[in-house]
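Notes follow the structure.
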Amino acid sequence: MALEVKNIKKQDTKENINVLERTQQTIEIALEKLRSKSGMYELLKEPLRLMTVRIPVKMDNGEIKVFTGYRAQHNDAVGPTKGGIRFHPDVTEDEVKALSLWMSIKCGITNLPYGGGKGGICCDPRKMSFRELEILSRGYVRAISQIVGPTKDIPAPDVYTNSQIMAWMMDEYSHLREFDSPSFITGKPMALGGSHGREWSTGLGVTMITKQAAKLKNISMDGAKVIIQGFGNAGSFLAKFLHDSGAKIVGVSDALGALYDVNGLDVNYLLDNRDSFGSITHLFTNRLTNGELLLKECDILIPAAIENQITEENARDIKAKVIVEAANGPTTLKATQILTKRNILIVPDVLASAGGVVVSYFEWVQNNQGYYWSEEEVSEKLEKILTEAFVNVYQTSIEQKVDMRLSAYMVGLKRLSSAIEWRGWI
Ligand code: GLU
């Protein structure tokens, strides 16, 4: 049961790397290009609702620790809001807000009947026991229970949360409501109504999207040199899928460092020996730093860790021909401009990492209908949705002469603004 780990240190740079501000900038430009009604940007630049909660937990040593958590609901014009919950020491209100905006765009691009939501608790799960994590997870659900639910806002896993945490949360919600509520949350274990494929869906989705992007750049996947930054849920599964497709994984990293071998790393050894937080590099002596790994020779670079890894400080020195963003927000706007000028194709996070929420949607549909699909059905349906999304975003970028980040925002916001207009909100 792997955690979605993205525990690499945020890089310091002089550039403005506030994720909320830069998401708002892109939304503003995309809405201008879409010629949306005035007032649309004012409405969409922030979540409609943000709840801040404080959760007391009796720690194993008898001390009471109070944790701060958030749940942001960006917009529910299209349908209930949807998005993961992250447990991380760097969680802030602005980050959770930005993540909820990104979820709206992901759901728009993939045409899911949802708006975006996101939650987070500021904590360090690596330093907490199983018992403490369970109390924190249940306390969070009690605190936000009034604003969430299967037809209101549906949580899911994100950084450092997994199917066990989803199971505790679902159990707590079912107790509160006094009926079984599997569709309250997605990313559950199979025994509690989880879907085939949800655990590796982000990695599988990134793999599908990477193949499309490689085709555009005439890179054959057979022998393509790939660097993956981050070896958590997304990073580790996608290393496996890309390796199985014939690619050569030349670099990987975790919170402690990075490994690089131009002849290809032994992916199966790395997968078998990593711990539940995705750490693996401590087993090696010849380590690089995460920053050094990004600048190594490769065809495809996949940041699968946290925000702000590719900035104006390192964008000029990146060697990859294609960057596929498996993490949320790994590239700053200035870095995007520099890389685009250098003719490096960037497949944005809101498209590349959408596989997770697509299979979450499948899980919710299966829970609602009480009828479950095979693994093949899940993969086929995922591939269809992601391929259509990729083609749509790519064609929009060509027609509008904009980079794929801006076209992804345009595609994602189009349906949302239309739903808002139909409802008469603007
Ligand atoms: N946390 C994942 C994301 O950022 C999945 C969200 C979901 O499954 O609802 O896309």
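Each ligand, and each atom within it, is numbered from 1 in the order the structure gives.
Between F184 and Y173, the two ring planes are parallel [angle under 30°; tilted spans 30° to 60°].
Interface atoms of ligand 1 facing P157, defined by a heavy-atom separation under 4.0 Å, are 1 (N), 2 (C), 5 (C). Close contacts between ligand 1 and G356 involve ligand atoms 8 (O) [criterion: under 4.0 Å to a heavy atom]. Close approach of ligand 1 to K106 is summarised as follows: ligand atoms under 4.0 Å from at least one heavy atom of the residue are 3 (C), 4 (O), 10 (O). For ligand 1, the atoms lying closer than 4.0 Å to a non-hydrogen atom of N328 are 4 (O). Those atoms of ligand 1 that come under 4.0 Å of a heavy atom in M103, given as number and element, are 3 (C), 4 (O), 6 (C), 10 (O). Residue K118 has at least one heavy-atom neighbour below 4.0 Å for each of these atoms of ligand 1: 1 (N), 3 (C), 4 (O). Near G83, with a cut-off below 4.0 Å to any heavy atom, the atoms of ligand 1 are 9 (O).
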inquiry  = Working note: N367 + Y372, criterion side-chain hydrogen bond (donor to acceptor under 3.5 Å, both in side chains); need CA distance, chi angles, decisive distance, verdict.
reply    = CA-CA 8 Å; N367 292 153; Y372 288 82; 2.8 Å; yes

task = Give the C-alpha distance, both sets of side-chain angles, the deciding distance and a yes or no for side chain to side chain contact (heavy atoms under 4.5 Å, CB included) between S145 and R177.
result = CA-CA 9 Å; S145 72; R177 293 286 174 270; 4.1 Å; yes

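The shortest separation from a heavy atom of R86 to ligand 1 is not under 4.0 Å, leaving the residue out of contact.
K321 NZ to I219 CD1: the interatomic distance, rounded to the nearest 0.5 Å, is 5.5 Å.
Contact annotation: for L99 versus ligand 1, there are no heavy atoms closer than 4.0 Å. Of all the heavy atoms of E363, none lies under 4.0 Å from any atom of ligand 1, so neither backbone nor side chain is involved.
Cation-pi geometry between K381 and W373 is satisfied (NZ or CZ under 6.0 Å from the ring centre, within 45° of the ring normal).
The distance between the ring centers of W168 and Y140 does not fall below 6.0 angstrom.
Side-chain N/O atoms of T81 and D76 include no donor and acceptor closer than 3.5 Å.
Across A305 and G230, no two heavy atoms sit closer than the pair CB-CA, 4.3 Å.
For D158, a nitrogen or oxygen atom sits less than 3.5 Å from a nitrogen or oxygen atom of ligand 1, counting backbone and side chain alike.
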